[in-house]
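Heads up, the thing below is written out as structure tokens.
Throughout, a chain's letter reflects where its sequence line sits, starting with A, and its residues are numbered from 1.
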Number of protein chains: 2
Amino acid sequence: MATTKGPGTTGAGTETTTAGAATTAARATTAVGASGAPAAPAAPATGHRRGRPRSFDRDAALEQALRLFWEHGYEATSVADLTTAMGIRPPSLYAAFGDKRALFAEVVARYRESHGAYATRALAEEPTARAGVARMLREAAAQATDPDHPWGCLLITSTVNCTTPEVVEAVRELRNANVRALESRIRADVAAGHEPAGTDPAALAQFTATVLQGMSQRARDGAGRAALERVADDAMRIWP
Amino acid sequence: MATTKGPGTTGAGTETTTAGAATTAARATTAVGASGAPAAPAAPATGHRRGRPRSFDRDAALEQALRLFWEHGYEATSVADLTTAMGIRPPSLYAAFGDKRALFAEVVARYRESHGAYATRALAEEPTARAGVARMLREAAAQATDPDHPWGCLLITSTVNCTTPEVVEAVRELRNANVRALESRIRADVAAGHEPAGTDPAALAQFTATVLQGMSQRARDGAGRAALERVADDAMRIWP
DNA sequence: CGCGTTCTGTAGTGCTCGATATAGAATCTC
DNA sequence: GAGATTCTATATCGAGCACTACAGAACGCG
């Protein structure tokens, strides 16, 4: 075990411990389509109404699942690994999250809203596409090599060599959508005159995505933060 | 066969097509250390001496295994998948190749000598490091998107999310050794005055490796040859 | 209290994994 | 031919996989 991780750490930092908004089981189908569940309407969102209350922190358990999927990928993370790390037994996992696919879908959504949010944030907050990409690449270098969590990017690594086509396709589509969004942002900036006329949105988006995904792999191979920040800076030199 | 010497005795020659030079079972431990087999000295290199002859083409079977490992990775490729594709039964596979690990080690060696040889060749044949890297990146773009075989690079993808640490480590070391070799080549060129004084060998090697590994991932996500060749050309613009 | 509801732990389900015991078939040397 | 050797096919091994049937436990509600 523990090939790509930094110092273990159980995290446990941001736990809100709510259990308030936790649904009963099947959430949205989100990106990774679950089995075939019709997505029951369920209760009106508030905490449990009748019956034995859940004895574990759903949010904390989800965070543990995220770490595992991040480190070992979707397929190499077994339900037994998950239940052990989450501190629960299989029936509790299935009652709370549906099945492994649905749990992974929730993990992906959680990742995009937490550790993976830096990219969208950088593009949204910087005044120009160029500044946004520069910040995105530098933050990616820091993020991918952060010793507080597994190295690399969950969206990039977790479905590599996965034999469940639906899972692979769903996460791939998220990656490609990010590339398209980046291209759109650059194109809009060029149209608005914020970037030089010679700027090629498609090429820059493809190049940035390539560097970003390469940094994830390099981080997994042990490349350090400084080295990848240097790569990020170098990559910006191709901008016109 | 380039990487290692066999552990003493029997060079075993260089695998031609027929069953001629095929060894009995365990070959060199090569990069991916096999279980713990002492690698028997075996017969003096020439084809089988006594007993029932092998009924399948060892080389062709190895090629089929290469395709499978290339497409699905080490762990997601099952022995059942392998025997089906190779047209043999499990005992034949184990008799001819040792075990799954040893078969994968042979596949890796074969890949480096065939589809993966372009990189070393580009660096060796071009007069300068810069020209070598430019050619390497362009050929990588073509190679990674070639419809005649799985996309991406076997050395980069096949051990992602693999739970066998020895296999992961062995292939990772091959990747990192390639980065170091690239850096050495650039450094030698700078020392010889073939590259400008401002050239940073370590940074250029890291950047090139990042782009190269990113292209593999982008190819798996469907990026086309033209798009990746554009990325390769763009990447060269960071050279001083 | 009793009742319905929901969660939890034990203990499994059928399936696939990598690897092999065994016996028979095909080739060698003598 | 006899015997040794090596390969092949059938059938299977124990372990692990995702997942669940079942019964008891913990709650809200009447």
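Of all non-hydrogen atoms in Cys162(A) and Val168(A), the two that sit nearest each other are O-CG2, 3.4 Å.
For His72(B), there are no ring pair (Phe, Tyr, Trp, His ring centres under 6.0 Å) partners two or more places apart in sequence or in a different chain. Residues passing the ring pair (Phe, Tyr, Trp, His ring centres under 6.0 Å) test with Trp70(B), sequence neighbours excluded: Tyr111(B), His115(B), His149(B). In this structure Ala142(B) satisfies the side-chain contact (heavy atoms from CB on, under 4.5 Å) test together with Arg225(B), Glu229(B), sequence neighbours excluded. Looking at residues two or more places apart in sequence or on another chain, you find no side-chain hydrogen bond (donor to acceptor under 3.5 Å, both in side chains) involving Gln213(B). Not counting sequence neighbours, the partners of Arg180(A) by the side-chain hydrogen bond (donor to acceptor under 3.5 Å, both in side chains) test are Glu173(A). Scanning for side-chain contact (heavy atoms from CB on, under 4.5 Å) contacts around Ala223(A) gives Arg218(A), Leu228(A), Gln206(B), with sequence neighbours left out. A search for side-chain contact (heavy atoms from CB on, under 4.5 Å) contacts involving Ala144(A) returns Ala219(A), not counting sequence neighbours.
Taking atom CZ of Arg54(B) as the reference point, atom C1' of dT6(D) lies 10 Å away to the nearest angstrom. Phe56(A) places its CZ atom 20 Å from the P atom of dA25(D), with the value rounded to the nearest Å. Per the geometry, CE belonging to Met86(A) stands 13 Å off P belonging to dG9(C), to the nearest Å. Rounded to whole Å, the distance from CG on Leu93(A) to P on dC19(D) is 9 Å. Atom CZ of Arg89(B) and atom P of dA25(C) are 16 Å apart (whole Å). Between the P atom of dA18(D) and the CG atom of Leu68(A) lies a distance of 11 Å, rounded to the nearest Å.
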Look for any protein N or O under 3.5 Å of an N or O in nucleotides 22-24 of chain D and output each such pair with its distance, or none.
unit_1, atom_1, unit_2, atom_2, d
dG24(D), N2, Arg52(A), NH1, 3.3

Short heteroatom pairs, N/O only, protein and nucleotides 14-17 of chain D, under 3.5 Å:
unit_1, atom_1, unit_2, atom_2, d
dC17(D), OP1, Ser78(A), OG, 3.4

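Ring pair Phe104(A)/Phe69(A) is perpendicular by interplanar angle, where above 60° counts as perpendicular and below 30° as parallel.
Each end of the helix from dC1(C)-dG30(D) to dC30(C)-dG1(D) yields a helix axis from five base pairs, and these two axes differ in direction by 10° (to the nearest 10 degrees).
Considering only side-chain N and O atoms, Ser55(B) lies under 4.0 angstrom from the phosphate OP1 or OP2 of dT8(D). Contact annotation: Ser92(B) does not reach the phosphate of dC7(D) (side-chain N/O to OP1 or OP2, under 4.0 Å).
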Can you give each donor-acceptor pair under 3.5 Å made by side-chain atoms of residues 152-161 of chain A, sequence neighbours left out, with the distance rounded to 0.1 Å?
unit_1, atom_1, unit_2, atom_2, d
Thr157(A), OG1, Cys153(A), O, 3.1
Ser158(A), OG, Leu154(A), O, 2.7
Asn161(A), OD1, Gly73(B), N, 3.4
Asn161(A), ND2, Thr157(B), O, 2.6
Asn161(A), ND2, Val160(B), O, 3.2

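Here salt bridge (charged side-chain N to carboxylate O under 4.0 Å, His left out) pairs that include residues 66-94 of chain B, with residues two or more places apart or in two chains, are Glu63(B)-Arg67(B).
The Arg50(B) side chain lies nearest to dC28(C) when the options are dT8(C), dC28(C), dT20(C). Counting only heavy atoms from C-beta on, Tyr94(B) has its side chain closest to dT20(C) among dT20(C), dC19(D), dT10(D).
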